[in-house]
**Q** 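Got a structure for you, questions after.
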Number of protein chains: 2
Amino acid sequence: MSGHELKRVGLKVTLPRLKILQILESAGDQHHLTAEDVYKILIEQGEEVGLATVYRVLTQFEQAGIVRRLNFENNISVFELDTGDNHDHLVCLKSGFVKEFVDPVIEDRIRDIAKENGYNLSNHNLVIYGTLESEMSKDGRGRK
Amino acid sequence: MSGHELKRVGLKVTLPRLKILQILESAGDQHHLTAEDVYKILIEQGEEVGLATVYRVLTQFEQAGIVRRLNFENNISVFELDTGDNHDHLVCLKSGFVKEFVDPVIEDRIRDIAKENGYNLSNHNLVIYGTLESEMSKDGRGRK
DNA sequence: TTCGCTGCAAATCTTTTGCAAGGCC
DNA sequence: GGCCTTGCAAAAGATTTGCAGCGAA
């Protein structure tokens with residue numbers, strides 16, 4: 001299972017990497033985790049993994065294209081599995097609740113704008129901030 | 001001139017604030033400055049202003065709506081005068097060159113997407129990353 | 001004179017790095 | 001065994017804060 005994924009991208013299969021990948025895979029709806037979040041979950045699970053390792057592994061995953069690193073307003077990075085759909089994010093300023101979306105119209109405009117300005121498009125980052133009326137903050141894992 | 005701006009938003013007119021506002025106003029095409037950039041310019045001008053003050057003043061300006069704070073990929077904040085046009089940014093990954101643009105189509109879609117998902121739109125952040133072929137990096141003030 | 005403002009130094013927070021020990025192939 | 005990984009501690013970089021002194025109104 002997960003092990004294949006690691007080998008595929010040329011990373012040795014080790015316990016910390018497996019555990020971290022597994023945490024990312026099994027994260028539910030609010031699957032945007034900071035390095036600290038991942039670290040805490042590991043500790044909860046009784047794993048002895050250092051925070052530095054979490055950062056190192058997440059960075060390796062990012063370079064391998066397994067994971068996406070996102071920067072929301074507060075200059076803290078959050079990580080999520082890279083599903084390849086290149087979606088963007090809606091963030092609730094009150095609860096931290098995050099919703100994903102893909103909008104073809106915006107995608108197109110971004111491509112055009114890059115071209116019009118002589119930029120060789122690499123990627124983009126769009127985050128929409130707002131407040132969710134139906135404030136439920138279901139699981140308390142919202143970003144502070 | 002600048003003094004009015006400060007009074008208007010309820011900030012006492014002081015030398016550091018005036019100087020910093022002036023630096024932001026007179027910044028040329030590449031007017032996206034980090035706190036450090038502003039600090040260095042102050043030092044160049046022979047002003048004795050602490051870096052902490054630069055951060056404090058920029059944050060006050062941001063809260064007063066005079067300045068916008070942007071977070072590009074590297075988790076470093078850059079500041080620019082808030083002209084009210086709510087433009088977005090194109091950033092060259094090689095030179096750090098920044099271009100601004102406003103796209104009505106994207107603006108509309110963002111409004112709709114927020115509404116469709118039950119979010120009370122507050123603001124958004126769109127940065128397009130790419131590489132500029134015509135690599136000239138004219139003034140060397142590109143982000144590292 | 002009175003508070004708000006500032007400079008300096010120290011603290012904080014997130015992320016990275018050096019190094020010796022340990023683990024995978 | 002050899003090389004890649006890891007944990008720990010320390011370093012680094014950006015930003016914030018405490019506090020005593022200074023300055024605008």
**Q** Between C:dC25, C:dT16, C:dC5, which nucleotide has the shortest distance from any of its atoms to the side chain of B:R17?
**A** C:dC5

**Q** Please report, rounded to the nearest Å, how far the P atom of D:dT6 is from the CG atom of A:L51.
**A** 14 Å

**Q** Taking all non-hydrogen atoms of both residues into account, name the closest pair between A:G118 and B:L132 and its distance.
**A** O-CD1, 3.3 Å

**Q** Output yes when a side-chain donor or acceptor of A:R69 lies under 3.5 Å from a complementary backbone atom of A:T59, and no otherwise.
**A** no

**Q** Could you work out how much the helix from C:dT1-D:dA25 to C:dC25-D:dG1 bends, comparing the axis of its first five pairs with that of its last five, to 10°?
**A** 30°

**Q** Shortest non-hydrogen contact from A:V57 to A:R17?
**A** CG2-CG, 4.0 Å

**Q** Rounded to the nearest Å, what distance is computed from the CD atom of residue B:E47 to the C1' atom of nucleotide C:dC8?
**A** 18 Å

**Q** Check this for me, if you would: do B:K115 and B:D112 make a salt bridge, where the nitrogen-to-carboxylate-oxygen distance has to be below 4.0 angstrom?
**A** no

**Q** Choose from C:dC25, C:dC8, D:dT5 the nucleotide whose nearest atom is closest to any side-chain atom of B:A52.
**A** C:dC8

**Q** Quick check: are there more than 12 heavy atoms from other residues, nucleotides or ligands sitting under 6.0 Å from CD of B:E116?
**A** yes

**Q** So does A:T34 get a backbone contact from the side chain of A:D37, meaning a donor-acceptor N/O pair under 3.5 Å?
**A** yes

**Q** Distance check: side-chain N/O of A:S77 vs OP1/OP2 of C:dT15, anything under 4.0 Å?
**A** yes

**Q** In whole angstroms, how far is the P atom of D:dG13 from the OH atom of B:Y39?
**A** 16 Å

**Q** Toward the 5' end of DNA chain C, which comes first, A:T53 or A:E36, by nearest nucleotide?
**A** A:E36

**Q** By nearest atom, which of the nucleotides D:dA14, D:dT5, C:dG7 is closest to the B:V49 side chain?
**A** C:dG7

**Q** Just N and O in the side chain of B:Y55: are any of them under 4.0 Å from OP1 or OP2 of D:dT15?
**A** yes

**Q** Checking A:D88 now: which residues fulfil salt bridge (charged side-chain N to carboxylate O under 4.0 Å, His left out) with it, not counting sequence neighbours?
**A** none

**Q** Closest approach to the side chain of A:K12, judged atom by atom: which nucleotide of D:dA25, C:dC24, D:dT15 is it?
**A** C:dC24

**Q** B:P16 side chain: which of D:dT16, D:dT6, C:dT6 is closest?
**A** C:dT6

**Q** Kindly say whether, by distance alone, the side chain of B:R56 makes a donor-acceptor pair under 3.5 Å with the base of D:dG18?
**A** yes

**Q** Let me know the distance between CG of B:L33 and P of D:dA14, rounded to the nearest Å.
**A** 15 Å

**Q** Using whole Å, report how far CD of B:Q60 lies from P of D:dT15.
**A** 16 Å

**Q** Are any of A:T59's side-chain N or O atoms less than 4.0 Å away from OP1 or OP2 of C:dT15?
**A** no

**Q** With sugar-phosphate meaning primed atoms plus P, OP1 and OP2, does B:E48 contact a base, only sugar-phosphate, or nothing at under 4.0 Å between heavy atoms?
**A** sugar-phosphate

**Q** Over how many whole Å does the gap from B:I76 atom CD1 to C:dT14 atom C1' extend?
**A** 13 Å

**Q** Name the closest nucleotide to the B:V13 side chain, picking from D:dT5, D:dA25, C:dC5.
**A** D:dA25

**Q** Round to the nearest Å and state the distance from B:F72 atom CZ to D:dA14 atom C1'.
**A** 17 Å

**Q** Counting only side-chain N and O atoms of B:T14, is one of them less than 4.0 Å from OP1 or OP2 of C:dC5?
**A** no

**Q** Nearest heavy-atom pair of B:H124 and A:I128: which atoms, and what distance?
**A** CB-CA, 4.1 Å

**Q** Over how many whole Å does the gap from B:K7 atom NZ to C:dC5 atom P extend?
**A** 14 Å

